[in-house]
Amino acid sequence: MGFRCDEFKEIANNLPNFKSLPNEGKYRTAIGRYYYYTFLMVRDMIYKVDKREDVEKYYSSGLIHSFIRVYLNKFSKNIDSDELNIASMLLSKLHFLRKLADYNTDEKITYKHVLRSKRYSQSIIEILNNLEYDRVVGFENILKHLKKIGEKEGNKYKYFPRV
């Protein structure tokens, strides 16, 4: 069994409560953990189903972060889903906050930034878990469903985004 990325969420939820740690450092770290929890959840949903070689090459590449956002955006168009497009935009906003927290040391990071990161993360996961298409619920289940349909039509990735 591999690493459970929900541990990152647990750390992000609890880190701001540690009084003995410096506030800004723990806020910056919590934002990063919310991002990586969300990012890894989405990445793993995709990679459990989409086994194309041109997709798998991104799995451990530095380009994976932008790849996942583009993938969600293009897939939202493929299935005409405003909700999935919103999840893609929220992931972009969460990624921006993570970069702000990691790299912009002149910018003051507060608990409000942490709460915003938490809301973005929760919303993305909620959207993906409740996404519905063709009476199938859940992003990963939709990917599996469309892969089966494509298989029957001779191209199992026919309905998947080209990234």
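In this text the structure is predicted, and so the values were computed from the model without any measurement.
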Given side chains that start at C-beta, do those of [X] and [Y] come closer than 4.5 Å, heavy atoms only?
{"X": "Leu146", "Y": "Tyr133", "answer": "yes"}
{"X": "Val49", "Y": "Tyr157", "answer": "no"}
{"X": "Lys152", "Y": "Ile149", "answer": "no"}
{"X": "Ile86", "Y": "Ile124", "answer": "no"}

Contacts of [X] that satisfy salt bridge (Lys or Arg N to Asp or Glu O under 4.0 Å) - sequence neighbours left out:
{"X": "Glu7", "result": "Arg4"}
{"X": "Glu153", "result": "Lys158"}
{"X": "Arg28", "result": "Glu24"}
{"X": "Asp44", "result": "none"}

Worksheet item: So Ile79 and Tyr159, side-chain contact (heavy atoms from CB on, under 4.5 Å) or not? Walk me through it.
Response: CA-CA 8 Å; Ile79 64 171; Tyr159 299 103; over 6 Å; no

Practice prompt. Identify whether Tyr120 and Ile11 are in the same connected component of the hydrophobic contact network (ILVMFWY, side-chain heavy atoms under 4.5 Å).
Written response: no

By side-chain contact (heavy atoms from CB on, under 4.5 Å) - contacts of [X] (at least two apart):
{"X": "Met45", "answer": "Leu128, Asn129, Phe139, Glu140"}
{"X": "Lys9", "answer": "Asn13, Tyr34, Tyr37"}
{"X": "Val137", "answer": "Glu132"}
{"X": "Asp80", "answer": "none"}

Distance (rounded to the nearest 0.5 Å) between [X] [atom1] and [Y] [atom2]:
{"X": "Ile46", "Y": "Arg52", "atom1": "CD1", "atom2": "CZ", "value": "10.0 Å"}
{"X": "Asn78", "Y": "Leu84", "atom1": "CG", "atom2": "CG", "value": "9.5 Å"}
{"X": "Met41", "Y": "Ser121", "atom1": "CE", "atom2": "OG", "value": "9.0 Å"}
{"X": "Arg33", "Y": "Leu15", "atom1": "CZ", "atom2": "CG", "value": "9.5 Å"}
{"X": "His113", "Y": "Ile31", "atom1": "NE2", "atom2": "CD1", "value": "6.5 Å"}
{"X": "Thr110", "Y": "Asn23", "atom1": "OG1", "atom2": "CG", "value": "10.0 Å"}

Worksheet item: Where do Tyr35 and Leu91 land on the side-chain contact (heavy atoms from CB on, under 4.5 Å) test, with the steps shown first?
Response: CA-CA 8 Å; Tyr35 172 74; Leu91 188 57; 4.2 Å; yes

Worksheet item: Between Val114 and Ala30, what is the shortest heavy-atom contact and its length?
Response: CG1-CB, 4.1 Å

Discussion item. For a side-chain contact (heavy atoms from CB on, under 4.5 Å) check, start with the C-alpha distance between Thr38 and Ile125, then their side-chain angles and the critical distance, and finish with the verdict.
Written reply: CA-CA 7 Å; Thr38 308; Ile125 299 302; 4.2 Å; yes

Worksheet entry | Pairing residues for Lys118 by the side-chain hydrogen bond (donor to acceptor under 3.5 Å, both in side chains) criterion, not counting sequence neighbours | none

Worksheet item: Which residues pass the ring-ring contact (aromatic ring centres under 6.0 Å, His included) test with Phe96, sequence neighbours left out?
Response: none

Discussion item. I'd like to know if the side chain of Tyr27 and the backbone of Pro16 have a donor-acceptor N/O pair within less than 3.5 Å.
Written reply: no

Practice prompt. Any pair with a residue in residues 82-102 that passes salt bridge (charged side-chain N to carboxylate O under 4.0 Å, His left out), sequence neighbours left out, goes on the list, sorted by first then second residue, please.
Written response: Arg98-Asp102

Side-chain donor-acceptor distances from residues 66-75 under 3.5 Å, at least two apart:
residue, atom, partner, partner atom, Å
Ser66, OG, Leu63, O, 3.2
Arg69, NH1, His65, O, 3.1
Arg69, NH1, His95, ND1, 3.3
Tyr71, OH, Asp50, OD2, 2.7
Asn73, OD1, Lys77, NZ, 3.1
Asn73, ND2, Asn85, OD1, 3.1
Lys74, NZ, Arg162, O, 2.9

Worksheet entry | Audit row: Phe39, Phe8, side-chain contact (heavy atoms from CB on, under 4.5 Å) steps and yes/no | CA-CA 11 Å; Phe39 160 76; Phe8 280 154; over 6 Å; no

